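Structure first, commentary second.
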Amino acid sequence: MAEQLSATMQKTIELASRCAQAETSDNYGALGDQVEELEGQAREAVQSHIDFASLLRKLKAGKPLTPADLQALELLIVGDAESFLKYETDFDRWKGEIQQLVGEISKLQSSDLDVDGLMHLRALCDEVGRVLPAVVYYLDKKERTNKFQEATRDAIDPEGYRVLAEIVEQMLLSDKT
C-alpha cells in the first residue's frame, strides 16, 4: 500500500507541475481528480492501521471503551476535521477578505447604481461567494470536532453506543470516510 500511495503522490505532484506550466481548466480538473484519488488512498491507509472490527464489537455490545478505543473512534469520526483545523492557516485571512468585500458593498449602498455600479456589485457578491464556502467548511469542521468531544467527554449511554456503532458501520462502508 505504501508503494501505491507514494506513486499516487508522485503523479499528483507531476500533475500540479503541469498545471503551473499550462494553466488550463482541463489540467486543473485532472489535478482535482488525482487529488481525490490520493485522498482515498490516504484514507484507506489510515483505516488499515485501526482495528475497527474490535471497536465495532465493543460498541454494539455497549462495553466500556478504553482510551485507545476512544482515540480510534475519534480518528475515524473527526480525525480529518482535526487535521484540517491543525494545519489550516487561512481562516483569518478569509474572514478579513469577506469583511473587506462587504465593506465595499456597503459603500455601494449609498450611491445610485448605474450599470457599471451594478456590475461591480455583482463582482463583489461573486467574490464573497468564492470565499464564503471555505469559511463555512472550516467552521463545520470545528463544530464537528467540538460535538464529538462533548459527546464522548462523559460516559456513553446505551443509545450513544448504538449511534456510534451505526456511524462506524456507515463510515466503513463509505468511500468518503
Side-chain angles (χ1 to χ4, degrees), residues 5-47 70-153 163-164 166-168 170-177:
L5 186 60
S6 180
T8 304
M9 289 171 72
Q10 183 60 39
K11 186 173 180 184
T12 303
I13 293 165
E14 289 167 2
L15 272 171
S17 177
R18 187 169 69 196
C19 288
Q21 293 169 4
E23 294 179 335
T24 67
S25 59
D26 286 344
N27 281 346
Y28 277 96
L31 178 60
D33 293 342
Q34 184 61 36
V35 167
E36 205 172 295
E37 181 179 333
L38 178 61
E39 190 280 328
Q41 288 180 11
R43 179 186 61 252
E44 289 174 14
V46 166
Q47 289 180 353
L70 281 171
Q71 188 176 25
L73 192 61
E74 183 174 8
L75 184 63
L76 176 66
I77 295 176
V78 295
D80 63 322
E82 290 174 333
S83 185
F84 176 80
L85 294 170
K86 180 179 177 180
Y87 294 107
E88 180 51 61
T89 60
D90 291 328
F91 181 66
D92 289 332
R93 183 182 59 78
W94 294 330
K95 289 190 314 181
E97 191 172 345
I98 289 171
Q99 287 175 335
Q100 183 265 327
L101 291 165
V102 170
E104 292 291 317
I105 291 170
S106 177
K107 289 177 190 175
L108 290 175
Q109 184 181 19
S110 63
S111 64
D112 287 333
L113 295 176
D114 58 7
V115 172
D116 188 54
L118 290 168
M119 293 307 291
H120 185 201
L121 178 60
R122 288 186 66 205
L124 290 169
C125 290
D126 191 46
E127 283 296 300
V128 171
R130 178 189 56 78
V131 179
L132 207 49
V135 171
V136 171
Y137 186 79
Y138 179 95
L139 292 172
D140 178 61
K141 298 291 185 187
K142 186 175 182 179
E143 291 163 8
R144 211 174 101 213
T145 299
N146 289 340
K147 285 178 186 176
F148 177 85
Q149 290 169 349
E150 287 174 23
T152 58
R153 185 171 294 129
V163 169
L164 288 170
E166 284 179 10
I167 290 170
V168 170
Q170 290 172 3
M171 294 183 93
L172 290 174
L173 293 174
S174 170
D175 64 348
K176 295 290 182 189
T177 305

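Bear in mind the structure is a predicted one, so any value in this text is a computation, not a measurement. When a residue number appears, it is its place in the shown sequence, counting from 1.
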Are [X] and [Y] packed together at the side-chain level, in the sense that at least one heavy-atom pair is separated by less than 4.5 angstrom?
X: Val46; Y: Asp80; result: no
X: Val168; Y: Leu76; result: yes
X: Val135; Y: Glu97; result: no
X: Glu74; Y: Thr152; result: no

Which heavy-atom pair separates [X] from [Y] by the least distance, and what is that distance?
X: Leu73; Y: Phe148; value: C-CZ, 4.0 Å
X: Ile105; Y: Cys125; value: CD1-SG, 4.3 Å
X: Tyr28; Y: Cys19; value: CZ-CB, 3.4 Å
X: Glu23; Y: Ala20; value: CG-O, 4.3 Å

Please round to the nearest 0.5 Å and tell me the distance separating atom [atom1] of [X] and atom [atom2] of [Y].
X: Gln10; Y: Leu38; atom1: CD; atom2: CG; answer: 11.5 Å
X: Gln34; Y: Glu36; atom1: CD; atom2: CD; answer: 10.5 Å
X: Leu31; Y: Ile13; atom1: CG; atom2: CD1; answer: 11.0 Å
X: Glu127; Y: Gln100; atom1: CD; atom2: CD; answer: 9.0 Å
X: Asp114; Y: His120; atom1: CG; atom2: NE2; answer: 11.5 Å
X: Gln99; Y: Asp92; atom1: CD; atom2: CG; answer: 9.5 Å

One thing to verify: whether [Y] and [X] come together as a salt bridge, which I'm taking to mean a side-chain N less than 4.0 angstrom from a carboxylate O.
X: Lys11; Y: Glu14; answer: no
X: Asp26; Y: Arg18; answer: no
X: Glu150; Y: Arg153; answer: no

Original post:
Is there a donor-acceptor contact under 3.5 Å linking the side chains of Gln170 and Glu166?
Top reply: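 Gln170 vs Glu166: no donor-acceptor pair found between side chains.
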Are Glu82 and Thr145 linked by a side-chain donor-acceptor pair shorter than 3.5 Å?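 Judged by distance alone, the side chains do not pair up.
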- Task: Classify the ring geometry between Phe91 and Tyr138 as parallel (under 30°), tilted (30 to 60°) or perpendicular (over 60°).
- Result: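 Taking Tyr138 first and then Phe91, their aromatic rings lie parallel (interplane angle under 30°).
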Is it the case that atom NZ in Lys141 sees more than 12 heavy atoms from other parts of the structure closer than 6.0 Å?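 Yes.
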request  = Assess whether side chain to side chain contact (heavy atoms under 4.5 Å, CB included) is satisfied between Ile98 and Lys95, documenting all intermediate values.
outcome  = CA-CA 5 Å; Ile98 289 171; Lys95 289 190 314 181; 5.8 Å; no
### Query
Counting only N and O atoms by type, is there a donor-acceptor contact under 3.5 Å from the side chain of Thr12 to the main-chain atoms of Thr8?
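Here the side-chain-to-backbone pair exists.
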| task | May I have the step-by-step check of side chain to side chain contact (heavy atoms under 4.5 Å, CB included) for Leu5 and Glu44, ending in yes or no? | result | CA-CA 10 Å; Leu5 186 60; Glu44 289 174 14; over 6 Å; no
- request: Would you check, one step at a time, whether the test side chain to side chain contact (heavy atoms under 4.5 Å, CB included) holds for Leu108 with Ser106?
  value: CA-CA 5 Å; Leu108 290 175; Ser106 177; over 6 Å; no
query = Among Asp126, Leu132, Leu124, which one satisfies side-chain contact (heavy atoms from CB on, under 4.5 Å) with Leu101?
reply =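 So, applying the side-chain contact (heavy atoms from CB on, under 4.5 Å) to Leu101 and each of Asp126, Leu132, Leu124, only Leu124 qualifies.
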What's the verdict on side chain to side chain contact (heavy atoms under 4.5 Å, CB included) for Glu88 and Asp90, showing C-alpha distance, side-chain angles and the deciding distance? CA-CA 6 Å; Glu88 180 51 61; Asp90 291 328; 3.1 Å; yes
